Amino acid sequence: MKFNFFLKTFIAVFIIVLVVSCDKDINEIGSGIAGNEHYGMDVAYSNVIAYSQNIGPVQTNNLSVNQLGYYNNPVFGKTKASFVTQLALASENPTFYGDPNETDVTSPNYIKIDSVYLYVPYFSTFVSTDTDSGNSTYTLDSLKGSGKIKLSVYESTKFLETLDPATGFQQQQKYYSNQQPDFDSNHGSIRLNNDDKNIFDHAAIADNSQNDEFTFSEKQIKFYKKIDANTPGYTDVAERKAPGMFLNLDKDFFKTKIFQAPTGKLFNNNVFKNYFRGLYFKVENAASSPNQGTLAMMNFSSGNITIIYQERASLTDATKTRKTLQLNLSGNTVNLLNNENTFPGYVTPNPVTGDKNLFLKGGDGSMAVIDLFDKTDNIGYDSTDGHLINSPNGVSDELDNLRYPAGGKQKWLINEANLTFYIAKSTMANTIEPNRILLYDLKNNRPLLDYYTDFSSGIIPKFNKFIHGGILSDQNGKIVNAKIGEKGTTYKVNITNHIRSLIKYGGVGVTKDSTNVRLGLVVTENIGNAYNYYLNSPFTSGTGSNLFQTKYIPMMSTANPLGTVLYGSNIPAGDPDYNKRLKLEIYYTKPD
């Protein structure tokens, strides 16, 4: 991860904002804001070149949210997302008042394990509570698909490093989305979620809902005062939890692993994490749902394992007492992605003329690369008086003409600049669209100036920075919610400050220049997270002097399982979709 640029960026943005705030000359290029209404403004359209780029395996350790499940995207193909996490003792160096090795169940020193269960809450929305039963209803968020999956939970025997041994433990260890074979060959033989009971059916009907036929259920989790289904009063609820992954785990395994652990292995979590190296949640397609399952976004760090056991009250009191021991799903994690990407209609990207369609896919999918302004460079302008020079100057002629309109004698006020991306509706008709995309500086691997200067916020954090935009919208510009089935038509990204900086610093008498950097476009899970993660293999793209290499990708692109197909820049005149081609739209006014 690159953390160092954030301090530099903050300082740079602070200086820019300070300078702009103190600048009262409305005749200076880039000043003067007319809002979003375009009455009385002129509009200029500039060409862009945009094309798709596959990114391959991506770094996926220690993400704030993770994918788990199986989803067959009608456009992009199948994704099976598995997960590995370390565990931590909620209380280090626990004391047991019994003999873990005692086998005589009548002995006062016998420790009995009543149950071991894992609970990880889902992202859900509370709907209502029934005043008679006390039961609450919820709707689940962040689900894709509706089929069952095969879920197997194993002990992971592969230690997850925090620091990379290959660097002398000087750098953070990186794990990648394609490392599932490493964990397939390093896990225990016992399937820990081997219970054959339906946790929501207290008649204890046998089924495979906790493993071979796992379903992400929106039902509330309930704990009962009595665990014998044949005893009156069984339906008395002792505790309720919001919907979540609830798995009964193998009691014998945990008695051996925890209560019969060798001396010192539970002393502290540093020792414990090397002894019990974690859990591996392996996902496969269920036999009953071979072509479609369900994929969920999960925050495993909010989950835990609870061991309920009985032992003597103390060393001097043999009274059997019910106690609990908790393991938190805490520490290093890895998201493992097994993709069968299909990309119908995908062609080899053309960095010279651009592509008709742009394929964006989260995880280890694909992104778009964008060059603003046509690459034609035949002319230039003198920076002192703005007179025309008929020779290349390394700057796009389109950008030169924006910097020096009328030979620099007339300066434009840039009111608004947008890139509007139209969704290829016929291609995306039968699949879920991502709620948001992110446009960023691909050369320096950081967001644009408009990102840093946008402090707008909404009720839902995912829709913060809505002025900068990139949010799924309908034909009228209204934000839509793909989660509830609403379909969008566009994503508009406001890059007004970015364009102002490009034009302003090329003005007459100004020698400082703002570079027209190449841009990247990805789907994102969280607009508030601007960190980068590594690509397993840096990609090289472009041609000639425009050849470039990048080894980073925005972290929250790796966390998003969805994709979209957008219209690109290379759509010939006469094509029915010509007016949906990608172009830069600049609204401006000419000062009197």
Side-chain angles (χ1 to χ4, degrees), residues 61-66 68 83-101 111-124 153-162 187-188 190 192-193 195 199 210 221-224 227 238-281 298-315 320-334:
N61 55 307
N62 301 333
L63 293 169
S64 56
V65 292
N66 290 272
L68 186 83
F83 179 73
V84 182
T85 180
Q86 289 183 317
L87 301 172
L89 293 160
S91 297
E92 297 178 329
N93 199 24
T95 299
F96 302 122
Y97 298 117
D99 182 359
N101 297 307
I111 297 177
K112 179 186 177 184
I113 309 298
D114 285 335
S115 65
V116 181
Y117 66 84
L118 177 145
Y119 171 71
V120 183
Y122 299 141
F123 291 110
S124 63
V153 181
Y154 298 104
E155 175 191 11
S156 175
T157 58
K158 180 178 175 62
F159 183 68
L160 293 179
E161 301 278 2
T162 299
H187 69 70
I190 300 173
L192 300 180
N193 58 324
D195 197 345
I199 65 167
Q210 297 190 58
I221 306 294
K222 291 185 283 189
F223 295 84
Y224 294 85
I227 61 173
E239 181 184 359
R240 292 179 171 88
K241 290 181 180 290
M245 176 182 288
F246 188 95
L247 304 174
N248 287 313
L249 302 181
D250 190 281
K251 294 186 290 185
D252 292 337
F253 171 85
F254 281 90
K255 183 168 185 178
T256 300
K257 195 72 180 179
I258 302 299
F259 291 85
Q260 298 175 357
T263 302
K265 296 301 183 182
L266 310 184
F267 179 70
N268 60 42
N269 277 316
N270 288 332
V271 175
F272 178 73
K273 287 180 179 180
N274 190 40
Y275 164 65
F276 190 173
R277 296 186 170 184
L279 294 180
Y280 172 29
F281 295 76
M298 302 277 290
N299 178 11
F300 281 93
S301 64
S302 62
N304 55 65
I305 295 171
T306 300
I307 303 173
I308 301 174
Y309 64 101
Q310 297 180 41
E311 67 170 359
R312 57 192 302 153
S314 68
L315 291 176
K320 284 296 179 68
T321 304
R322 191 172 184 266
K323 301 180 180 180
T324 61
L325 185 148
Q326 183 172 300
L327 305 177
N328 294 325
L329 276 59
S330 174
N332 295 321
T333 65
V334 185

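Model, not experiment: these values are computed from the prediction.
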Q: Please indicate whether K112 has more than 12 foreign heavy atoms, meaning atoms of other residues, nucleotides or ligands, lying under 6.0 Å from its NZ.
A: no

Q: Less than 6.0 angstrom separating the ring centers of F223 and F246, yes or no?
A: yes

Q: Please collect all salt bridge (Lys or Arg N to Asp or Glu O under 4.0 Å) contacts where either partner lies in residues 303-315, sequence neighbours excluded, each pair once.
A: E311-K323

Q: Does anything in residues 244-256 form a salt bridge (Lys or Arg N to Asp or Glu O under 4.0 Å)? List the pairs, not counting sequence neighbours.
A: none

Q: Going from CG on N66 to CG on N61, what distance comes out if it is rounded to the nearest 0.5 angstrom?
A: 10.0 Å

Q: State which residues pass ring pair (Phe, Tyr, Trp, His ring centres under 6.0 Å) with Y119; sequence neighbours excluded, sorted by chain then number.
A: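 For Y119, no residue satisfies ring pair (Phe, Tyr, Trp, His ring centres under 6.0 Å) once neighbours in sequence are set aside.
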
Q: Could you give the distance from CZ (F300) to CZ (F83), rounded to the nearest 0.5 Å?
A: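 With rounding to 0.5 Å, CZ (F300) is 5.0 Å from CZ (F83).
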
Q: Could you tell me whether a side-chain N or O of N268 sits under 3.5 Å from a main-chain N or O of V271, the two making a donor and an acceptor?
A: yes

Q: Mind checking what makes side-chain hydrogen bond (donor to acceptor under 3.5 Å, both in side chains) contact with D114, not counting sequence neighbours?
A: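 Partners of D114 by the side-chain hydrogen bond (donor to acceptor under 3.5 Å, both in side chains) criterion, ordered by chain and then number, come out as Q310.
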
Q: If you count the non-hydrogen atoms of other residues, nucleotides and ligands that lie under 6.0 Å from OH in Y275, is the total more than 12?
A: yes

Q: List in chain and number order the residues that pass side-chain contact (heavy atoms from CB on, under 4.5 Å) with N62, two or more places apart in sequence or in another chain; answer none if no residue qualifies.
A: N332, T333, Y533

Q: Residues in salt bridge (charged side-chain N to carboxylate O under 4.0 Å, His left out) with K257, at least two apart?
A: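 E155.
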
Q: How far does OG1 of T85 sit from CG of L329, to the nearest 0.5 angstrom?
A: 5.0 Å

Q: Between N193 and Q210, is there a donor-acceptor pair closer than 3.5 Å when you use the side chain of the first and the backbone of the second?
A: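 Checking the backbone N and O of Q210 against the side chain of N193, a donor-acceptor pair under 3.5 Å is found.
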
